[in-house]
Amino acid sequence: MDFGLTDRTAFVAGASKGLGRATARALAHEGCRVAMCSRNGDRIASAAEDLRTETGAEVLPLVCDVTHAEQVDAAIAQTVDTFGGLHVLVSNAGGPPSGMATEMDPEDYRDAVELNLMSTISLCDAALPHLRTAAAEDDHARIVMVTSVSAKQPIPALALSNTARAGVQGYAKSLAEDVGETGMTVNTVLPGYTRTQRLDELAGDIQADTGQSYSEVEAGWADENALPRIGEPEEFAATVAFLASAPAGYITGAAVPVDGGRSKHLL
Ligand SMILES: NC(=O)c1ccc[n+]([C@@H]2O[C@H](COP(=O)([O-])OP(=O)(O)OC[C@H]3O[C@@H](n4cnc5c(N)ncnc54)[C@H](OP(=O)(O)O)[C@@H]3O)[C@@H](O)[C@H]2O)c1
């Protein structure tokens, strides 16, 4: 299938590692020019260089903390200045700390909302004028938001994530309706347990609480899934790339789990 992404421009946030990096790679392999950001300059420069070497794609590394709206505005502006437009936005950041609902104070909740909800809104706010232009030109403008399986089926020890992701789902659904007449699509992708540094950190928290070994923690997670294993970042990234593609033009407002069947609800 031709994804129709050749010579499109994509901006991927939180892309020096993990799911964002795998997504940038998948989009570059599909022919996109890729702008990729994270907070750490060395890490994002190195990830961009690896991507350039592997794919031959035009890659723009940007230092940007997505919790600062002015940095987001500057990063999107630099992307458009460099590549001449923007067709695909992938919003993403790190995850908030783990903990039960009553262990967290209001400031922790505020930080989580800044990290996962407000960053998504800032990215969309900065990108929307350019995505509208792309949609008007040839109907190809896509927003894909990275959220979490916890948005569909909350994970008790991830109260901050459960709370912030629900907001992102509400924003995505609202935005999809609002911009639909332009042809732009807005979807969320919900990773389940996927092998990244974030997962290692969560495993470390559980090991400290329970005394379990790493492999016992991982086996416990795998047992929650219909497919009894941990996911790979490439499996997640392939779904984002499809939602960013031309053939996905009639999918909008969807919340797509890539979770090995962890979510147990019917719809
Ligand atoms: N992996 C899983 O199993 C899983 C499951 C459910 C949900 N998720 C969620 O999916 C998202 C990505 O997860 P991941 O596993 O890829 O995490 P990760 O391995 O920790 O990578 C996070 C990436 O985001 C960047 N980042 C963090 N905070 C940022 C900020 N404020 N501004 C810009 N960039 C930032 C990091 O780079 P710098 O440090 O250089 O900024 C890094 O490139 C997270 O929200 C996570 O909670 C992951």
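Just follow the structure's listing: the first ligand is 1, and inside any ligand the first atom is 1. Position 1 is the first residue of the sequence, and the numbers go up from there.
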Q) Can R21 and D50 be counted as an ion pair, charged N to O under 4.0 angstrom? A) yes
Return the residue, atom name and 0.1 Å-rounded distance of the protein heavy atom closest to [atom].
| atom | value |
| --- | --- |
| atom 14 (P) of ligand 1 | T196 OG1, 3.7 Å |
| atom 3 (O) of ligand 1 | T194 N, 2.8 Å |
| atom 19 (O) of ligand 1 | R198 N, 3.5 Å |
| atom 43 (O) of ligand 1 | S16 OG, 2.7 Å |
| atom 35 (C) of ligand 1 | R39 NE, 3.9 Å |
| atom 23 (C) of ligand 1 | G14 O, 3.4 Å |

Between [X] and ligand 1, is there a nitrogen or oxygen pair with a distance under 3.5 Å?
| X | result |
| --- | --- |
| V66 | yes |
| E201 | no |
| G94 | yes |
| N40 | yes |

Within the 4.0 Å heavy-atom shell around [X], which atoms of ligand 1 are there?
| X | answer |
| --- | --- |
| A93 | 11 (C), 12 (C), 24 (O), 44 (C), 45 (O) |
| C64 | 32 (N), 33 (C) |
| N92 | 11 (C), 12 (C) |
| N116 | 45 (O) |
| Y193 | 3 (O) |
| R165 | 9 (C), 44 (C), 45 (O), 46 (C), 47 (O) |
| L199 | 3 (O) |

(Q) Heavy atoms only: which of R43, E114, Q197, Q71 lies closest to atom 38 (P) of ligand 1? (A) R43
Q) If you measure from atom 4 (C) of ligand 1 to every heavy atom of G192, S148, G95, which option wins on shortest distance? A) G192
Q. When rounded to the nearest 0.5 angstrom, what distance separates CD1 in I44 from CD in E49?
A. 12.5 Å
Q) In Å and rounded to the nearest 0.5 Å, what is the CE to CZ distance from M36 to R25? A) 11.5 Å
Q: State whether the number of non-hydrogen atoms from other residues, nucleotides or ligands found under 6.0 Å of E181 atom CD is greater than 12.
A: no
